[in-house]
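Model, not experiment: these values are computed from the prediction. When a residue number appears, it is its place in the shown sequence, counting from 1.
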Amino acid sequence: MQKDERIDEYIAKAQPFAQPVLKYLRELVHKACPDAEETMKWSFPHFDYKGKMMCSMAAFKQHAVFGFWKANLLKDPHNYLSENADKAMGNLGRITSIDDLPPEEVLIDFIHQAMKLNDEGVKLPSTGKKSKMELLIPEDFANELQKNPKVWETFNNFSYSHKKEYVEWITEAKTETTRNKRIATAIDWISQGKPRNWKYLK
């Protein structure tokens, strides 16, 4: 197991309910894919394989998420992924305990499929439905969004591109001060139903 200390810290700081979920998912990924490489991207844990993104996990105040970068290319006969396809984050919906996850053998199969896609150099199609993994948002931004149910609902009702614009704007901040300022501004704009680039819209 190639462990990243930043993920240890991330799990330690997560809500008590989320810690066993994150530990379980982490161990399961390494069990299914011994060559998985741990890293932090966009402020949450990722697992790469063969130098390419494979899956990731994140924890928020009241739920955790887990998903695959190429989820739309995985075979899912029991609809564990598509059942929650309308969710803004992750591929398995809101996870509050290990019991919310599919059976271990199902998750291992998904991981093996994701490994094979990376082995074969398969890329996401340039058109069609975007991977839900791209919609995962940083923990600090998500926490602020969830403080106001109406703001959270408004954000989730935005189009994929509008959500991504906000996430990229925040994650591209060079300093923590700038990042916090952008998050505060984003919350204000979202509360008014405004997309990130509302100033440029006719």
Side-chain angles (χ1 to χ4, degrees), residues 1 4 7 10-11 13-33 36-49 52-118 122 124-125 128-143 145-146 149 152-153 155-160 163-164 167:
M1 179 185 297
D4 188 319
I7 294 183
Y10 184 93
I11 294 175
K13 292 179 180 178
Q15 295 292 326
F17 82 87
Q19 292 182 18
V21 173
L22 298 177
K23 290 177 181 178
Y24 171 79
L25 289 170
R26 185 187 200 185
E27 293 175 0
L28 189 65
V29 169
H30 286 289
K31 177 181 179 180
C33 180
E37 302 169 1
E38 295 187 350
T39 186
M40 291 288 289
K41 299 177 183 178
W42 302 308
S43 301
F44 57 91
H46 279 68
F47 302 95
D48 293 353
Y49 174 65
K52 302 173 183 177
M53 287 188 285
M54 181 173 67
C55 56
S56 69
M57 61 186 185
F60 304 101
K61 280 192 173 182
Q62 299 180 335
H63 71 283
V65 296
F66 182 73
F68 295 89
W69 184 249
K70 300 171 183 174
N72 296 321
L73 302 180
L74 302 181
K75 295 179 181 178
D76 178 30
H78 300 293
N79 297 319
Y80 283 109
L81 303 176
S82 58
E83 179 181 356
N84 297 289
D86 61 336
K87 301 296 183 182
M89 300 175 297
N91 304 120
L92 300 175
R94 297 167 66 90
I95 303 167
T96 58
S97 73
I98 294 175
D99 292 336
D100 290 336
L101 293 167
E104 179 177 320
E105 60 269 22
V106 172
L107 288 172
I108 289 177
D109 177 62
F110 285 151
I111 294 168
H112 286 168
Q113 288 188 58
M115 290 171 62
K116 185 176 180 181
L117 291 172
N118 282 12
V122 177
L124 285 170
K129 193 173 183 179
K130 296 283 186 176
S131 167
K132 295 298 178 183
M133 290 299 299
E134 294 180 72
L135 296 177
L136 281 168
I137 59 178
E139 182 179 13
D140 50 356
F141 184 33
N143 287 341
L145 286 167
Q146 292 177 353
W152 181 236
E153 181 180 2
F155 180 79
N156 281 317
N157 286 334
F158 276 159
S159 66
Y160 168 84
K163 293 174 189 172
K164 188 175 181 181
V167 171

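- Residues A71 and L81 approach most closely at O-CD1, 4.0 Å, considering heavy atoms.
- Of the inter-residue distances, the one linking N72 atom CG with N91 atom CG reads 7.5 Å to the nearest 0.5 angstrom.
- Checking side-chain atoms of N156 against main-chain N and O of E153 turns up no donor-acceptor pair under 3.5 Å.
- Distance alone, capped at 3.5 Å, places no donor-acceptor pair between the H63 side chain and the K61 backbone.
- In this structure, NE2 on H46 lies 9.0 Å from CE on M40, to the nearest 0.5 angstrom.
- In plain terms, the two heavy atoms of V29 and C55 that are nearest each other are CG2-SG, 4.0 Å.
- Considering every non-hydrogen atom in both A58 and Y10, the closest pair reads CA-OH, 3.4 Å.
- For Y160 and F158, the gap between ring centers reaches or exceeds 6.0 Å.
- Nearest heavy-atom pair, M115 versus C33, reported as atom, atom and distance to 0.1 Å: SD-CB, 3.4 Å.
- Legend: residues meeting side chain to side chain contact (heavy atoms under 4.5 Å, CB included) with E104, ordered by chain and number and at least two apart, are Y24, L28, K31, I108.
- None of L92, V21, I7 except one satisfies the side chain to side chain contact (heavy atoms under 4.5 Å, CB included) rule with M57; the exception is I7.
- With hydrogens and angles disregarded, no donor-acceptor distance shorter than 3.5 Å links the side chain of K70 to the backbone of M54.
- Note: I111 CD1 to H30 NE2 = 10.0 Å, rounded to the nearest 0.5 Å.
- Between H112 atom NE2 and L74 atom CG the span is 12.5 Å, to the nearest 0.5 Å.
- Listed by chain and residue number, D109 satisfy the side chain to side chain donor-acceptor pair (under 3.5 Å) test with Q113 (two or more places apart in sequence, or in another chain).
- Between F110 and F66, the ring centre distance reaches or exceeds 6.0 Å.
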